[in-house]
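Each chain gets a letter, A, B and so on, in the order the sequences are listed, and its residues count up from 1.
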2 protein chains.
Amino acid sequence: MPHDRLERDARPETATFIRHLEASDRTLSDEERQVIDEAISHFIDVDADVDVVREHDRPTVSSLLVSGWACRYNTLADGRRQILALHISGDFVDLHSFPMKRMDHSVATVTRCRFAIVPHENLRRITEEHPHLTRQLWRSTLIDAAVLRQWLLGAGQRSAIEHAAHLICELYTRLRVVNLADETSFQLPLTQTEIGDALGISPVHTNRVIQELRRLELISLRGSTVDILDWEGLLKLAEFDATYLGLEPNREATS
Amino acid sequence: MPHDRLERDARPETATFIRHLEASDRTLSDEERQVIDEAISHFIDVDADVDVVREHDRPTVSSLLVSGWACRYNTLADGRRQILALHISGDFVDLHSFPMKRMDHSVATVTRCRFAIVPHENLRRITEEHPHLTRQLWRSTLIDAAVLRQWLLGAGQRSAIEHAAHLICELYTRLRVVNLADETSFQLPLTQTEIGDALGISPVHTNRVIQELRRLELISLRGSTVDILDWEGLLKLAEFDATYLGLEPNREATS
DNA sequence: CGTCAGATTGAGCAGCTTCAACGTATGTGG
DNA sequence: CCACATACGTTGAAGCTGCTCAATCTGACG
């Protein structure tokens, strides 16, 4: 079942999430930082390929990913699987279960992961006492939705290679924000089958698309290392525009 | 430009949105109902096929759809268009622009529409003073995201006919909630090209998929009237499960 | 050295697209 | 009231994108 080990731990690991919120809003107060920190009840470690939350669950806690890769996914009766989101350090994988209550999809680890667990009761208290922080949490669920819109645009309108290029641009950009990508490369710990489940294409075609990206000298992909060989070329092929990731400073009277 | 006419008006038209929020949470207080009502600054009417908000805009108001159909969409450089969401009475078409600030897509009317306009300043005040209502607004943006996940699952994994059947199930279910569908039929004021843009398929194939749905005696579609001939059959073909629309009563200590 | 997961390749096929034509309903100006 | 225009739906034919099935290759690991 979900969590296979759990332990109390120190707090510096919330730093990634805070960096994340601040990537779009530099106005978090020290108090707010502390509130986030104190909202965490404990940390858990979960092995790779384990369901953390399942469709139809009604979680009473939300999980902030501290390290590792996780995904949201849904399946059809005959086994067809769509990955709905990929998550990295600093992502709140199921914050939406707080206002929504019931899960409409599952969340699984891709690699071994560490999560900071935030009880919904603590989130509720934040909404009662910290409206600005509440808006930032709300905002972080809306950035998930913006990513989802790009995935839908990709699945519906982009060719497989354009869609794949867009995913690489997105992941690279997001990993840079949390300092998990070098200047020209990053680790992508997904099998080609998993990449295909995210893009909505078969594993065989995923392989051919990757080969085509290599042939065009846009990326190299050996093992789990992606090297960006031609960022401009990737951007152009993917029509990637990072605006939707909400990274620009967001100073607003109403923020 | 966006709004082509504007006028002050009476309030009963917020009823649909309130019914909407209450479809999932019967605990709205009279005070909260009044707060929503008073947050509306005015109403506007917009002709069909007009952009209400454009990608990259930074709106200072959000728009609650009172009547008519609207959609969110995004396009690629060569004109390929993906409809990202379809909206009916009671939907807040760009509530997410409040926490997000910058639009990552456009919103357009499909038919002539009436919107209730809610200034972000009023929404900000709600987040300061009405935490329960804030959670319900947050929740309504997350239901949009849940719909989006189903559309991605459809675009990525379902066949065109399964995807189309799912869309019909979704729209019928949503229209029922706001009393805009009969027992066995509803009005769908979309061209086949628009349906195709929502499903991510060509207009020609859309036509063939609709014919196949007719041949299977699942629906009839003449003009803009959809008749549900075999609801059970549609549900099965689409693997439709309405849970994600968040319609179940949602009574929670933390709600 | 055998095993296993994952990557790669080839061949044939299905679903969907594109292009182009034609049908049909509605509306408009002369 | 007819001639024409326009928007949308429908049909046919050819072709491309991506799928399935099945085999082979590769590297990591016990």
Check the distance between dT8(C)'s P and Leu213(A)'s CG and give it to me in whole angstrom. 12 Å
Between His96(A), Arg72(A), His87(A), which is the residue that forms a side-chain hydrogen bond (donor to acceptor under 3.5 Å, both in side chains) with Asp144(A)? Arg72(A)
Respond yes when some side-chain nitrogen or oxygen of Arg222(B) is under 4.0 Å from OP1 or OP2 of dA25(C), and no when none is. no
Tell me if a side-chain donor or acceptor on Thr193(A) pairs with a main-chain N or O of Pro203(A) at a distance below 3.5 Å. no
Arg214(B) side chain N/O closer than 4.0 Å to the phosphate oxygens (OP1, OP2) of dT10(D)? yes
Rounded to the nearest angstrom, tell me the gap between atom CD1 in Ile195(B) and atom P in dT10(D). 10 Å
Whole angstrom value for the distance that separates P of dT17(C) from CD of Gln192(B): 14 Å
Of all the heavy-atom pairs spanning Ile83(B) and Leu152(A), show the shortest one and how long it is. O-CD2, 4.1 Å
Can a side-chain donor-acceptor contact be found between Arg158(A) and Gln150(A) if the only test is distance below 3.5 angstrom? yes
Spacing of Leu221(B) atom CG relative to dG9(D) atom P, expressed in whole Å: 8 Å
Length of the CG-P vector between Leu188(B) and dG9(D), whole Å: 10 Å
Listed pairs, N/O of protein and of nucleotides 11-20 of chain D, under 3.5 Å:
from    : atom 1 : to        : atom 2 : distance (Å)
dT11(D) : OP2    : Gln211(B) : OE1    : 2.6
dT11(D) : OP2    : Gln211(B) : NE2    : 2.9
dG12(D) : N7     : Arg208(B) : NH2    : 2.4
dA13(D) : N6     : Arg208(B) : NH1    : 3.3
dG18(D) : OP1    : Ala160(A) : N      : 3.0
dG18(D) : OP2    : His205(A) : NE2    : 3.2
dG18(D) : O5'    : His205(A) : NE2    : 3.4
dC19(D) : OP1    : Ser202(A) : N      : 3.0
dC19(D) : OP2    : Ser202(A) : N      : 3.1
dC19(D) : OP2    : Ser202(A) : OG     : 2.8

Can you name the closest pair of heavy atoms from Arg149(A) and His105(B) and give their distance? NE-ND1, 3.3 Å
Minimum heavy-atom separation for His166(A) to Phe240(A), with atom names? NE2-CD1, 3.5 Å
Gln82(B) side chain to Tyr73(B) backbone, donor-acceptor under 3.5 Å: no
Glu183(A)/Arg176(A) ion pair, N-O < 4.0 Å: yes
Would a 4.5 Å heavy-atom cut-off, applied to side chains only, mark His56(A) and Asp241(B) as touching? yes
Just how far, in rounded Å, is P of dA5(C) from CD of Glu194(A)? 14 Å
Whole Å only: how far is the CD1 atom of Ile210(B) from the P atom of dG9(D)? 8 Å
Per-nt protein contacts along nucleotides 25-30 of chain D (heavy atom under 4.0 Å; B base, S backbone sugar-phosphate only, - none) come out as ------
